[in-house]
**Student:** 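After the structure tokens below, expect a handful of questions from me.
Within every chain, numbering begins at 1; the chains are lettered A, B, ... in the order of the sequence lines, protein sequences first and strands thereafter. For the numbers below, each heavy atom of this structure counts, side chains included, while hydrogens, waters and symmetry mates do not.
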Amino acid sequence: MLDPRFVRENPEQVAELLRKKKFDLNVEEIKSLESERKTVQASAQNLRAEKKQASKQVGQLIGQGLSVDEAKAQVAEQLSKIDSQLAEAEVREQAILSALDEIMLGLPNLPHESVADGDSEDDNVEVRTWGTPREFTFEPKDHVDLGEKLGLDFDAGAKLSGSRFVVMRNKIARLHRALAQFMLDVQTGEHGYEECYTPYLVHGHALRGTGQLPKFEADLFKTNAEEQEQPHYLIPTSEVTLTNLVADSILEADQLPIKLTGHTPCFRSEAGSYGRDTRGMIRQHQFDKVEMVRIVHPEQSFEALEEMTGNAEAVLQKLDLPYRVVALCGGDLGFGATKTYDLEVWLPGQQKFREISSVSNCLDFQARRMQARFRNPETGKPELVHTLNGSGLAVGRAMVAVMENYQDEQGRIHVPEALKPYMGGIEIIE
RNA sequence: GGAGGGAUGGCUGAGCGGUUGAAAGCACUGGUCUUGAAAACCAGCGUAGGCUAAUACCCUACCCAGGGUUCGAAUCCCUGUCCCUCCGCCA
């Protein structure tokens, strides 16, 4: 959430910035709701003050020896007048406040000044590339063709759960597990992240904290939808659980930065992407990811963004997979992010770079929703922290990249050097 | 699944339905004292909104959340969430 105060004091400026993100802010609506809020709130407050006075008077009269009924009678007429006015004022007040609240919760984060203009991923800016795509002496296959004989079974996934699910078997399943273990070891052992195991099901408030709710409910899987009970949602990423670990807390300055990582499955309904990437495991309803989250001092978030991007890159470099780093343009930037770098790995089967990691700085956008603060020693006051999150990396897509980049003419996969310690002696997947 | 207990300010922890936004202690901040520090003593110390030149007054709201009773609710009732104890079941 943006600072409501900033929004109402600078609606034009906010609208201008949000245009870069392709978000249309209705400035007039905000202005009129705001001015109405002020007048309604002021009158409701005055009425409450009067009512409070009257009630207090009853207490005082009783203290002076009047009976309760006599004391009540003294203020009855006055009170009934106040009550009817107050009831009306409160209805309006609540309607306006919830309308404003809904608008505020729906506003995306403001893009950083360094973010380029643009509508889609085609306008993202390449920052750097690493590695050289391998020259094949044969026609490289994509992971679906390669996986057919190796244990990557999309038909079995569909049989159990429908489209966009997969079953992995044998050495492919092992490779998938090895990748996750390897990534977790890199992030904990070499980059100082604390390993976490977190729930895969969360309450709505956690999703509200990181920004998936209320706006993106359609992208989530929801459980026990029967009314009454508070529903659980399957996490779309462990950014949700890792980041919300600091919700509703006031941290000491010396606890920062907090660096967390975890390996979890992620569940996405992929609403609105019916036609995209229907082949293979690029876009699944369930996939694994090793996530990185940092909770930092507000002055250090951009530095942390660069570092975290490097932390994700390290995994690709160790796997010797060519990739490029792009800075997302305004139109491609996510809801909570002010700036995002995507890592795109080279896929020989598609002859394309494909997203394998996304690292974002959310500033205080999530912290404000979560009420995650730290005590600033300079002011002695609690202030909002900054949060960042990034994939380090998406396990399924990393496996796709390994398969396609390490294939040979016979359709076998040669296990990358870095993964050998995790493969129990398996060097070739066939 | 069943039976109980609990949720109060940064923390611990009081709080007969009526000047209680809330005792006390700790922590923190300023001061006195001291060569300095500690101790001791004094004072201050929540958040948000409104008003305002103002981080000054004043007003309103907030004692887990949402409803309700009442002239008046931190205090009574209902629902939800979370935590704890016991029983049952269970990997």
Side-chain angles (χ1 to χ4, degrees), chain A residues 1-9 30 33-87 89-101 104-105 197-209 213-214 223-233 241 244-256 364 367-385:
Chain A
M1 189 160 72
L2 300 175
D3 183 355
R5 190 173 192 143
F6 183 77
V7 175
R8 64 171 170 261
E9 284 171 8
I30 295 218
L33 278 171
E34 258 311 316
S35 73
E36 196 180 354
R37 178 186 68 89
K38 282 191 189 188
T39 57
V40 169
Q41 217 168 27
S43 78
Q45 286 183 3
N46 287 334
L47 288 164
R48 270 187 217 111
E50 283 180 47
K51 180 170 178 166
K52 210 170 155 180
Q53 273 308 313
S55 290
K56 208 173 267 183
Q57 219 181 333
V58 174
Q60 285 167 357
L61 290 169
I62 294 169
Q64 287 165 24
L66 269 71
S67 77
V68 175
D69 285 341
E70 286 169 334
K72 278 164 70 173
Q74 295 259 331
V75 297
E77 197 185 326
Q78 187 192 355
L79 260 180
S80 74
K81 204 192 297 173
I82 295 172
D83 274 339
S84 62
Q85 291 175 15
L86 185 58
E90 280 183 334
V91 168
R92 285 180 66 206
E93 186 185 27
Q94 212 157 41
I96 289 165
L97 287 177
S98 66
L100 273 167
D101 199 45
M104 289 298 176
L105 280 173
Y197 172 86
T198 65
Y200 304 157
L201 290 164
V202 294
H203 281 154
H205 67 84
L207 290 154
R208 170 178 284 240
L213 286 180
T223 68
N224 59 349
E226 336 283 313
E227 287 120 75
Q228 310 290 5
E229 259 182 291
Q230 160 129 220
H232 281 109
Y233 296 85
T241 48
N244 274 286
L245 248 21
V246 296
D248 294 313
S249 58
I250 299 179
L251 304 158
E252 293 306 324
D254 61 14
Q255 290 177 268
L256 302 178
D364 60 10
R368 184 172 292 106
R369 289 169 163 252
M370 293 190 297
Q371 281 305 295
R373 296 168 293 173
F374 78 109
R375 192 168 290 281
N376 188 339
E378 288 166 33
T379 59
K381 299 275 185 189
E383 292 176 18
L384 295 168
V385 295

**Student:** Would you kindly give the CG-to-P distance between A:L97 and B:G50, to the nearest whole Å?
**Tutor:** 11 Å
**Student:** Let's see if you get this right: which residues in residues 34-41 of chain A place a heavy atom under 4.0 Å from RNA chain B?
**Tutor:** A:R37, A:K38, A:Q41
**Student:** Distance check needed: B:G10 P versus A:D254 CG, whole Å only.
**Tutor:** 18 Å
**Student:** Does A:R373 place a side-chain N or O at less than 4.0 Å from the phosphate oxygens OP1/OP2 of B:G10?
**Tutor:** no
**Student:** Encode nucleotides 58-75 of chain B as B, S and - characters from 5' to 3', where the letter depends on protein heavy atoms closer than 4.0 Å: B to the base, S only to sugar-phosphate, - to neither.
**Tutor:** -BBS---------BS---
**Student:** Considering only atom P, compute the distance from B:U47 to B:U55 and round it to an integer number of Å.
**Tutor:** 13 Å
**Student:** Is it true that A:R5 and A:E9 make a salt bridge, defined as a side-chain N closer than 4.0 Å to a carboxylate O?
**Tutor:** yes
**Student:** Just the rounded figure in Å: distance from P of B:C11 to CD1 of A:I250.
**Tutor:** 7 Å
**Student:** When Watson-Crick pairs (N1 to N3 and N6-O4 or O6-N4) and G-U wobble pairs (N1-O2 and O6-N3) count only below 3.5 Å on both distances, what is the dot-bracket string of RNA chain B, with | for other-strand pairs?
**Tutor:** (((((((..(((.....[.....))).(((((.......))))).(((((.......))))).(((((..]....))))))))))))....
**Student:** What integer distance in Å separates A:R208:CZ from B:U81:C1'?
**Tutor:** 15 Å
**Student:** How far, in whole Å, is B:G5 from B:U20 if one measures between their P atoms?
**Tutor:** 31 Å
**Student:** Please determine whether a side-chain nitrogen or oxygen atom of A:R5 lies at a distance below 4.0 Å from atom OP1 or OP2 of B:G49.
**Tutor:** yes
**Student:** Taking atom types as modelled and ignoring hydrogens, do the side chains of A:N376 and A:E383 form a donor-acceptor contact shorter than 3.5 angstrom?
**Tutor:** yes
